[in-house]
Colleague: 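Structure in structure tokens, see below.
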Amino acid sequence: MPELPEVETTKNELSPWLRGQNFTQVIIFDPKLIFNASVKEFCRQLIMQRIEKINRRGKYLIFNLTSEQVLIMHLRMTGALLVNPKRIDSYARAAFNFSNGIQVVFSDRRRLGILYLVRNADAVVGKLGPEPLDKNFTPSTLAKILKRHHIPIKAALIDQNLIAGIGNMYADEILFASRINPLQKADALSIQEIQILHHCTCKILQSAINDKGASVDTYTRPSGHLGAAQSNFKVAHRYGEICTICSTPLQRVSVRGRGSYFCPHCQPPA
DNA sequence: CTTGGGACCTGGCTGC
DNA sequence: TGCAGCCAGGTCCCAA
């Protein structure tokens, strides 16, 4: 699933291809991909626009254009942006051609991804919490956020309005590395636990970016290559296996309807 | 404020 | 072999 490290990798690898290029053709195979606008209008407004820069905010990709508009993409569960794919299959929902001759295909098996074309990016990403890898995101920032919420720490970590970019699998990895039980209440964590949690959040996310994201399910990098971060996972997608530290069988618990995997020995209940 | 549920969506899995 | 039912999870929305 594309979370912060996968979206960051997509941004990093797309940028050299797309920066300074103009959209020469926009083909929408699935009209539901476009939020709140007709396909015709969307294509008309995008054509001949130049991409100045690609940014990431949380799990969103933000394309700054020469016009006053901003193109925002969310990959959701199974979305991927592929550069010059060998063939366009039934999962392709849109194709973009550029002035340098390259083609970028939005591929999305479960069709939950979405594109926005707006004047102000804040209309889409304005309510997101802080970026966990921003230098302004300190243990004290995290402490202030968690103190305000009497909810399971797992639920807090994946709430995009509290912290941006963390999803189900990295939340599980971060909590395992921090030795914190997913059901522990956010406002009950000690300052020591919050410092560890902050450290592990930065470490896990940065390490996953260095590994070009995790290729579980359908995620592939724009080049078509896979990421390698999944090989370091200790609990995510390892259901039925044993803890790499203490050999206790990993357990599953549902937090806010999301499967949460943890080691009952390394991450004991409070 | 939190909590729980449904909706979206399709491939993969289970059980009959 | 086929089919129904459920599950996966990012996000939004609604009711209690």
Side-chain angles (χ1 to χ4, degrees), chain A residues 1-11 28-37 56-62 72-81 89-94 106-116 118 121-129 131-132 144-175 182-189 205 208 213-220 229-230 233 235-241 250-262:
Chain A
M1 318 295 158
E3 301 182 24
L4 187 153
E6 290 72 34
V7 181
E8 179 72 13
T9 299
T10 299
K11 183 206 78 176
I28 305 297
F29 303 113
D30 179 4
K32 294 180 80 171
L33 177 63
I34 316 300
F35 181 82
N36 230 3
R56 179 193 57 75
R57 179 79 172 91
K59 301 172 193 169
Y60 294 83
L61 282 169
I62 302 176
I72 302 182
M73 299 191 183
H74 198 304
L75 303 174
R76 293 281 176 93
M77 309 294 297
T78 55
L81 290 167
D89 60 20
S90 60
Y91 299 139
R93 302 181 69 198
F106 191 107
S107 176
D108 186 12
R109 200 178 69 186
R110 275 159 68 181
R111 300 179 179 275
L112 290 166
I114 196 150
L115 307 192
Y116 307 81
V118 292
D122 275 350
V124 178
V125 300
K127 288 183 177 168
L128 292 178
E131 284 293 323
K144 279 178 197 151
I145 291 167
L146 298 182
K147 279 282 172 277
R148 288 187 280 116
H149 296 277
H150 187 66
I151 57 174
I153 183 61
K154 169 69 184 287
L157 287 180
I158 64 175
D159 186 332
Q160 302 302 298
N161 296 330
L162 303 188
I163 304 163
I166 301 171
N168 204 45
M169 66 185 180
Y170 286 108
D172 282 354
E173 289 303 310
I174 289 165
L175 289 173
L183 290 171
Q184 172 83 261
K185 289 288 192 286
D187 61 358
L189 294 183
L205 293 177
S215 284
V216 294
D217 206 352
T218 60
Y219 171 75
T220 50
Q230 69 281 3
F233 283 175
V235 286
H237 299 279
R238 296 192 68 242
Y239 185 56
E241 299 182 34
L250 299 178
Q251 277 189 11
R252 178 192 194 273
V253 65
S254 181
V255 183
R256 289 281 211 280
R258 295 290 169 255
S260 301
Y261 302 93
F262 69 105

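To find a chain, count down the sequence lines: A is the first, B the second, and so on, and within it residues start at 1.
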Colleague: A:Ile151 has an atom CD1; how far is it from atom P of B:dT3, in whole Å?
Modeller: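 After rounding, the gap between these two atoms is 7 Å.
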Colleague: May I have the distance from A:Leu162 (atom CG) to B:dC1 (atom P), rounded to whole angstrom?
Modeller: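 Rounded to whole Å, this separation is 11 Å.
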Colleague: Measuring from the side chain of A:Lys185 (C-beta onward, heavy atoms only), which nucleotide among C:dT11, B:dT10, B:dT3 has the closest atom?
Modeller: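 Among C:dT11, B:dT10, B:dT3, the one nearest the side chain of A:Lys185 is B:dT3.
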Colleague: By nearest nucleotide on DNA chain B, pick out whichever of A:Arg148 and A:Ser90 is the more 5' one.
Modeller: A:Arg148
Colleague: Report the distance from atom CG of A:Asp159 to atom C1' of C:dT11, rounded to the nearest whole Å.
Modeller: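 Taking CG of A:Asp159 and C1' of C:dT11, I get 11 Å after rounding.
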Colleague: Please give, in whole Å, the distance from C:dC14 C1' to A:Arg256 CZ?
Modeller: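 The answer, rounded to whole Å, is 15 Å.
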Colleague: Is it true that A:Asp187 and A:Arg148 make a salt bridge, defined as a side-chain N closer than 4.0 Å to a carboxylate O?
Modeller: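 Salt bridge between A:Asp187 and A:Arg148, a charged N being under 4.0 Å from a carboxylate O: no.
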Colleague: Can you check nucleotides 6-10 of chain C for protein contacts, nitrogen or oxygen pairs under 3.5 Å, and list what you find?
Modeller:
residue	atom	partner	partner atom	Å
C:dA8	OP1	A:Arg252	NE	3.4
C:dA8	OP1	A:Arg252	NH2	2.4
C:dA8	OP2	A:Arg252	NH2	3.3
C:dA8	N3	A:Arg110	NH1	3.3
C:dA8	N3	A:Arg110	NH2	3.4
C:dG9	OP1	A:Asn168	ND2	2.9
C:dG9	OP2	A:Gly259	N	3.4
C:dG9	N1	A:Arg110	NH2	2.8
C:dG9	N2	A:Arg110	NE	3.4
C:dG9	N2	A:Arg110	NH2	2.4
C:dG9	N3	A:Arg110	NH2	2.9
C:dG10	OP2	A:Asn168	N	2.9
C:dG10	O3'	A:His74	NE2	3.4
C:dG10	N7	A:Arg258	NH2	2.9
C:dG10	N2	A:Arg76	NH1	3.2

Colleague: Which is true for A:Tyr91 with a 4.0 Å heavy-atom rule: it touches a base, it touches only sugar-phosphate, or it touches nothing?
Modeller: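 Since only primed, P, OP1 and OP2 atoms lie under 4.0 Å of A:Tyr91, the category is sugar-phosphate.
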Colleague: May I ask you to check whether A:Phe106 and A:Tyr91 place their ring centres under 6.0 Å from each other?
Modeller: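 A:Tyr91 vs A:Phe106: aromatic centres not under 6.0 Å.
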Colleague: Can you see if the side chain of A:Arg109 gets near the phosphate of B:dG11 - specifically, an N or O under 4.0 Å from OP1 or OP2?
Modeller: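 Answer is no, no contact under 4.0 Å.
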Colleague: Drop me the distance from A:Ile151's CD1 to A:Leu183's CG, to the nearest 0.5 angstrom.
Modeller: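 Spacing of CD1 (A:Ile151) from CG (A:Leu183) equals 12.0 Å.
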Colleague: Which salt bridge (charged side-chain N to carboxylate O under 4.0 Å, His left out) pairs, counting each pair once, include a residue from residues 150-169 of chain A, with sequence neighbours left out?
Modeller: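 Applying salt bridge (charged side-chain N to carboxylate O under 4.0 Å, His left out) to every pair that reaches into residues 150-169 of chain A, excluding sequence neighbours, yields A:Lys154-A:Asp172.
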Colleague: Mind calculating the distance between NZ (A:Lys127) and P (C:dC12) to the nearest angstrom?
Modeller: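 Nearest whole value for this atom pair: 9 Å.
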Colleague: For A:Arg110, what residues pass the side chain to side chain donor-acceptor pair (under 3.5 Å) criterion, not counting sequence neighbours?
Modeller: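 A:Arg110 satisfies side chain to side chain donor-acceptor pair (under 3.5 Å) with no other residue.
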Colleague: Does A:Glu3 come within less than 4.0 Å of A:Lys59, counting only side-chain N to carboxylate O?
Modeller: no
Colleague: Could you tell me whether A:Tyr239 contacts a base, only the sugar-phosphate backbone, or nothing, with contacts defined as non-hydrogen atoms closer than 4.0 Å?
Modeller: nothing
